[in-house]
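Below is one structure, written out as structure tokens; the observations come after it.
Throughout, a chain's letter reflects where its sequence line sits, starting with A, and its residues are numbered from 1.
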Number of protein chains: 2
Amino acid sequence: MTATKVTLKDVAARAGVSYQTVSKVLNGEMQVAPETMERIQAAVRELGYRPNRIARNMRAGRSFMIGYSWTQTEPGQVNHILDQFLSSMVREAGVVGYYVLPFPFQEGKAQVETYRDLIKSGNVDGFVLSSVNYHDPRIQFLLKQQFPFVAFGRSNPEWDFAWVDIDGAAGTRQAVEYLIGRGHRRIAILAWPEDSRVGNDRLQGYLDAMQADQLATEPGYILRGEGTFEVGRAMTLHLLDLPADRRPTAIMALNDTMAIGAMAAARERGLTIGTDLAIIGFDDAPMAQYLFPPLSSVRQPIAEAGRKCVELLVALVEGREPQQRQVLLQPSLIIRASS
Amino acid sequence: MTATKVTLKDVAARAGVSYQTVSKVLNGEMQVAPETMERIQAAVRELGYRPNRIARNMRAGRSFMIGYSWTQTEPGQVNHILDQFLSSMVREAGVVGYYVLPFPFQEGKAQVETYRDLIKSGNVDGFVLSSVNYHDPRIQFLLKQQFPFVAFGRSNPEWDFAWVDIDGAAGTRQAVEYLIGRGHRRIAILAWPEDSRVGNDRLQGYLDAMQADQLATEPGYILRGEGTFEVGRAMTLHLLDLPADRRPTAIMALNDTMAIGAMAAARERGLTIGTDLAIIGFDDAPMAQYLFPPLSSVRQPIAEAGRKCVELLVALVEGREPQQRQVLLQPSLIIRASS
DNA sequence: ATGATAAAGGCGAACGTTCGCCTTAAAAGA
DNA sequence: TCTTTTAAGGCGAACGTTCGCCTTTATCAT
């Protein structure tokens, strides 16, 4: 009801004690007489007092904010991750008294400067990084600065830092094992360029699964390119135009967008998806279930990852050494009609 | 390089002036001798000084934060909006010296309390609301509190507040006019429940277009239900099972998810989409272009909306009366093979 | 009665800014 | 020469907390 800001002093005046006492009582750092307690609580209630967060942070010397920035996807790509990931971070942060501060993603040299500025201006107590790859300059920088951060995704193995990641290799392995179990022998994979750590991780699962079943991994079945519809389509057309005895019967794509490209290519060649050609994607984009036929895919526990990132980061920020500094989460295979 | 926090006093000591002078010089509020200026700038550079944002906000009595909260979509739905909308807000906010503060979305009674807390604790200077509908309690509350906010979406017409919205009626009208232009006469619409303002707005465009062309809007062609795949599919099956002379030749869906449901239904009945039955969606979800056939849809200028929301809100927060308190943005029709 | 102990709460200081007003010395006007 | 103006910068205070230490009064054991 009160329009103007209510401070500790207002509460104190009304309760007839000093404002510092009110502070201590509210923070449970002081014993007071029951009737004093009552008066203070009444004053707080009646005035609708809420501690001013800025002043509190000022005094604490920190911001209780977690910096987070993400690469905006180009038009035509989906970031179905963001909603889940950010929501779960925000929620988990709220529980432990933090907020998430999104800031604009910068490319190149300016990127590290953005992080430096946020640190120096006291805007954040720590960072969650996403879109991490090999040699990530942010990781190098934050390690050198000894500033708390958690990466969603791994980077160079020789760097020691806290991360949360999804076991991409396990996801692909599961999918390929499923295909092998269904009798497929000629299984191709639509992979990503060699400089993608995520891509290499997921590819490794394919190699592992094939090898475990004594299947020779024919080099021609491993195609690399950007993870777009067009690339997925082109790669698949190439595969489908191989001689009949070498043409793959199953295709694993490292993301759903490529898998959808593969579906388009199969349709162009008149193949029935799921029967003539099995296709499995990765990410389990929300649309995957509505495709025709519905696309099998590997689902990642994104919300769980967001929660873990925050949990880990807050432990680091507050100086508690967390039980595990590296968290690897297991994805799950969702089988639908495409495979 | 310096690990510890650098304050105005550190800079002042190094430059040999008082710290208040440094403050004024850096804020351009004071004339000093050129050589003093030089010394200050050098000290700032060498120490890597950045003003502490918390202290600055403390002094200013405000947070330079914009509160934003969104309804997390249930699994299986996409929030392809969020990335664009939030990114553009964050970017625009950064330009004018603000940050966006995401906070957990609460349902029911707790929702307004969340807003009240954020205000009272001085956490935010204003709000951007999304998922606005009729009788939105947040709008009622914020109007009564006279706290600055901008709604992304309209609400009760009798309430006077700042909003940015996309002209849904115009979008649907454009789409339906296109269908009429292509010779369609029996055009059905998959609409939303009557309590959805967005749904009613979009539906109005359909009615307008039909009426403008003297086409009777057959009540049986207006179906209402939740905007899900299943509902879209069921509605379409119902429509396709009408007698041949009453069966619609075109279907307009109020979102892409329903449109995809319609596509599934058409396929089940053995119809060729785009030829036997035209389908147009709304939202232009990223996947729409990759469907088979690619789905025509109405694209909304989301990034523009995000920018406008921030621009408008900051004007309100800073007491500048903006040139227009209501902004209606035009969507555009993207024609693909489904229509 | 007397000193020790505990309970209840007051008080000053500090976090890092910005703001308004004051002081000093040099320059300009008479 | 004396007063007035201007330039350059100093200084105290305040924003709303929390923290540590101090004071007062009542309680207890001796």
Side-chain angles (χ1 to χ4, degrees), chain A residues 2 4-41 43-44 47-65 97 117-125, chain B residues 2 4-41 43-44 47-65 97 117-125:
Chain A
T2 41
T4 159
K5 296 271 171 214
V6 180
T7 76
L8 273 182
K9 298 193 185 182
D10 299 319
V11 175
R14 185 171 249 259
V17 291
S18 79
Y19 67 93
Q20 296 98 329
T21 298
V22 176
S23 167
K24 287 179 197 171
V25 169
L26 293 183
N27 292 320
E29 291 178 355
M30 193 178 179
Q31 288 285 18
V32 290
E35 67 259 25
T36 311
M37 180 71 136
E38 190 51 55
R39 285 207 315 280
I40 291 177
Q41 286 175 342
V44 166
L47 296 175
Y49 170 76
R50 293 281 180 284
N52 181 299
R53 197 153 201 277
I54 298 181
R56 174 175 277 183
N57 292 352
M58 168 90 175
R59 171 67 220 217
R62 34 199 230 88
S63 63
F64 293 93
M65 294 260 178
D117 268 12
L118 284 165
I119 296 174
K120 292 220 145 189
S121 60
N123 251 314
V124 300
D125 291 345
Chain B
T2 41
T4 162
K5 295 271 172 216
V6 180
T7 77
L8 273 182
K9 299 195 183 181
D10 300 319
V11 175
R14 185 171 249 258
V17 292
S18 80
Y19 68 93
Q20 296 98 328
T21 298
V22 176
S23 167
K24 288 179 197 171
V25 168
L26 292 183
N27 292 321
E29 291 177 356
M30 190 178 181
Q31 288 284 17
V32 290
E35 66 258 25
T36 310
M37 180 70 135
E38 189 52 54
R39 285 207 315 279
I40 292 177
Q41 286 176 343
V44 166
L47 296 175
Y49 171 77
R50 293 281 180 286
N52 182 299
R53 197 152 201 278
I54 298 180
R56 173 176 280 183
N57 292 352
M58 167 92 178
R59 172 67 220 215
R62 33 200 232 88
S63 63
F64 294 93
M65 294 258 178
D117 269 12
L118 285 166
I119 295 174
K120 292 219 146 191
S121 59
N123 251 314
V124 300
D125 291 345

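In this structure, the side chains of A:Phe64 and A:Asn57 come closer than 4.5 Å at one or more pairs of heavy atoms. Annotation: side chain of A:Arg39 is in contact with side chain of A:Val17 (closest heavy-atom distance under 4.5 Å). Using a 4.5 Å heavy-atom threshold, the side chains of A:Met65 and B:Arg53 count as separate. Contact check for A:Lys24 versus A:Thr21: no side-chain heavy atoms found under the 4.5 Å cut-off. In this structure, the side chains of A:Tyr49 and A:Val22 stay at 4.5 Å or more apart for every pair of heavy atoms.
Atom NZ of B:Lys120 is separated from atom CG of A:Asn52 by 12.5 Å, given to the nearest 0.5 angstrom. Expressed to the nearest 0.5 Å, how far CG of B:Leu47 lies from NZ of B:Lys5 amounts to 14.0 Å.
In this entry the distance linking CG of B:Leu26 with C1' of C:dC19 reads 15 Å, nearest Å.
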Problem - Worked verdict on A:Arg56 versus A:Asn27 for side-chain contact (heavy atoms from CB on, under 4.5 Å) - result: CA-CA 12 Å; A:Arg56 174 175 277 183; A:Asn27 292 320; 3.7 Å; yes
Output one line per pair: protein atom, nucleotide atom from nucleotides 14-18 of chain C, and distance, for all N/O pairs under 3.5 Å.
residue	atom	partner	partner atom	Å
C:dA14	N3	A:Arg59	NH1	3.2
C:dT17	OP1	B:Tyr49	OH	2.9
C:dT17	OP1	B:Asn52	N	3.2
C:dT17	OP2	B:Leu8	N	2.8
C:dT17	O5'	B:Tyr49	OH	3.2
C:dT18	OP1	B:Asn27	ND2	3.3
C:dT18	OP1	B:Arg56	NE	3.0
C:dT18	OP1	B:Arg56	NH2	3.1
C:dT18	OP2	B:Ser23	OG	2.5
C:dT18	OP2	B:Asn27	ND2	3.3
C:dT18	O2	B:Arg59	NH1	2.4

Between the protein and nucleotides 4-7 of chain D, list the N/O to N/O atom pairs that are separated by less than 3.5 angstrom.
none

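Phosphate contact (OP1/OP2 of D:dG9, side-chain N/O of B:Ser18, threshold under 4.0 Å): absent.
Sparse packing is recorded around CD of B:Gln31, with 12 or fewer heavy atoms of other residues, nucleotides or ligands lying under 6.0 Å away.
A donor-acceptor distance shorter than 3.5 angstrom exists from the side chain of B:Ser63 to the backbone of B:Asn123, with no hydrogens or angles considered.
Axis deviation across the helix from C:dA1-D:dT30 to C:dA30-D:dT1 amounts to 60°, comparing end segments of five pairs, rounded to 10 degrees.
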